[in-house]
Amino acid sequence: MKKIVAIVAIVLVAIVGISYFIIDSRYEKEEILNEFMVPKDAIIKYEDEGKAFSNISYKWSKASNKGIPFDYKMILMINGWEKEKDEKDIGRWSGRFKKDDILVSIGTSEPDILAIASKKEPK
């Protein structure tokens with residue numbers, strides 16, 4: 001019985017580890033968005049790096065009016081981005097995420113648009 005439990009535990013750890021690396025390989029940090037994670041397969045449609053905030057719109061096949069995919073939310077949390085407590089996924093608006101003094105707003109819409117705006121909060 002102990003051997004079976006050990007084998008199941010090893011298999012579960014392997015599945016979680018492999019899943020993490022697969023999901024992590026789909027996203028990268030975007031410098032002008034203050035290192036916020038963005039999909040590697042998204043194509044930039046519009047980019048504006050301002051003094052107050054930076055804004056990028058992407059064409060991304062996984063974006064929809066239902067919000068961002070679960071794996072994207074998961075990789076954001078793993079990388080230290082916390083969803084604002086008062087924010088909920090409401091259709092196209094996927095909410096705001098915060099890390100240190102960086103606040104990022106993210107939203108989606110059809111057809112296949114992912115919009116991200118990032119700013120540093122004053123201290």
Side-chain angles (χ1 to χ4, degrees):
M1 184 66 172
K2 289 182 180 181
K3 286 183 181 182
I4 293 173
V5 171
I7 291 171
V8 169
I10 290 169
V11 169
L12 287 175
V13 168
I15 289 171
V16 169
I18 291 168
S19 298
Y20 170 77
F21 286 110
I22 290 171
I23 291 169
D24 186 55
S25 69
R26 295 181 188 163
Y27 302 97
E28 62 189 354
K29 293 178 180 178
E30 175 58 59
E31 186 177 332
I32 74 163
L33 293 174
N34 296 299
E35 304 295 315
F36 191 74
M37 303 296 289
V38 298
K40 286 183 179 178
D41 60 339
I43 299 167
I44 294 175
K45 292 186 61 125
Y46 171 81
E47 182 176 344
D48 179 21
E49 185 175 7
K51 291 182 181 181
F53 68 94
S54 297
N55 181 356
I56 302 180
S57 292
Y58 298 91
K59 180 168 178 50
W60 186 41
S61 62
K62 293 183 181 174
S64 75
N65 62 358
K66 296 178 183 177
I68 59 175
F70 176 75
D71 68 324
Y72 192 14
K73 291 177 193 174
M74 189 170 70
I75 204 70
L76 291 173
M77 289 187 287
I78 289 170
N79 282 278
W81 293 94
E82 295 180 11
K83 188 163 187 164
E84 291 282 278
K85 291 178 177 42
D86 296 339
E87 294 293 322
K88 295 180 180 169
D89 286 350
I90 303 171
R92 298 181 306 162
W93 180 246
S94 295
R96 292 185 306 220
F97 294 84
K98 188 172 183 178
K99 182 177 180 181
D100 301 325
D101 63 342
I102 308 298
L103 183 63
V104 176
S105 298
I106 186 169
T108 57
S109 67
E110 292 192 47
D112 309 332
I113 302 299
L114 172 68
I116 303 173
S118 171
K119 70 177 183 176
K120 287 190 175 185
E121 293 187 316
K123 292 184 179 187

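Excluded from the calculations below are hydrogen atoms, water molecules and symmetry mates; all remaining heavy atoms, backbone and side chain alike, are included.
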Fill in the blank from the handout: In short, ring pair (Phe, Tyr, Trp, His ring centres under 6.0 Å) pairs touching residues 36-63 with sequence neighbours left out are Phe36-Trp81, Trp60-Tyr72

Problem - Pairwise distance NZ(Lys62) to CG(Asp41) - rounded to 0.5 angstrom - result: 6.0 Å

Exercise for the section: Go through the structure and list residues passing salt bridge (charged side-chain N to carboxylate O under 4.0 Å, His left out) with Lys98, not counting sequence neighbours. Expected result: Glu121

Practice task
Flag yes if more than 12 heavy atoms outside Glu47 fall under 6.0 Å of its CD atom; otherwise flag no.
Solution key: yes

Practice task
Determine, using the 4.5 Å side-chain heavy-atom cutoff (strictly less than), whether Leu114 and Leu103 are members of one ILVMFWY cluster.
Solution key: no

Handout entry: Shared-cluster residues of Ile4, by chain and number - hydrophobic side chains joined below 4.5 Å
Key = Val8, Leu12

Handout entry: Path from Phe70 to Ile78 over hydrophobic side-chain contacts below 4.5 Å
Key = yes

Practice task
Verify side chain to side chain contact (heavy atoms under 4.5 Å, CB included) between Val38 and Ile56, making sure each step is shown before the conclusion.
Solution key: CA-CA 10 Å; Val38 298; Ile56 302 180; over 6 Å; no

Exercise for the section: Check salt bridge (charged side-chain N to carboxylate O under 4.0 Å, His left out) between Lys59 and all other residues, then give those that pass, not counting sequence neighbours. Expected result: Asp112

Handout entry: Spatial distance of atom CE (Met37) from atom CD1 (Ile116) [nearest 0.5 Å]
Key = 10.5 Å

Handout entry: Value rounded to 0.5 Å, distance of OG1 in Thr108 from CD1 in Ile68
Key = 8.0 Å

Problem - Distance (rounded to the nearest 0.5 Å) between Ile44 CD1 and Glu30 CD - result: 5.5 Å

Exercise for the section: Calculate, to the nearest 0.5 Å, the distance between atoms CZ and CD1 belonging to Arg26 and Ile75 respectively. Expected result: 10.0 Å

Fill in the blank from the handout: Sequence neighbours excluded, the answer for side chain to side chain donor-acceptor pair (under 3.5 Å) partners of Asn55 is none

Exercise for the section: Begin with the C-alpha distance, continue with both residues' side-chain angles, and end with the deciding distance and a verdict on side chain to side chain contact (heavy atoms under 4.5 Å, CB included) for Lys83 and Arg96. Expected result: CA-CA 6 Å; Lys83 188 163 187 164; Arg96 292 185 306 220; over 6 Å; no

Exercise for the section: Would you indicate whether Lys99, at its atom NZ, is surrounded by more than 12 heavy atoms from other residues, nucleotides or ligands within a distance under 6.0 Å? Expected result: yes

Practice task
Output the distance between atom NZ (Lys119) and atom CG (Leu33), rounded to the nearest 0.5 Å.
Solution key: 14.0 Å

Handout entry: Residues which pass side chain to side chain donor-acceptor pair (under 3.5 Å) with Ser118, listed by chain and number, not counting sequence neighbours
Key = Asn34

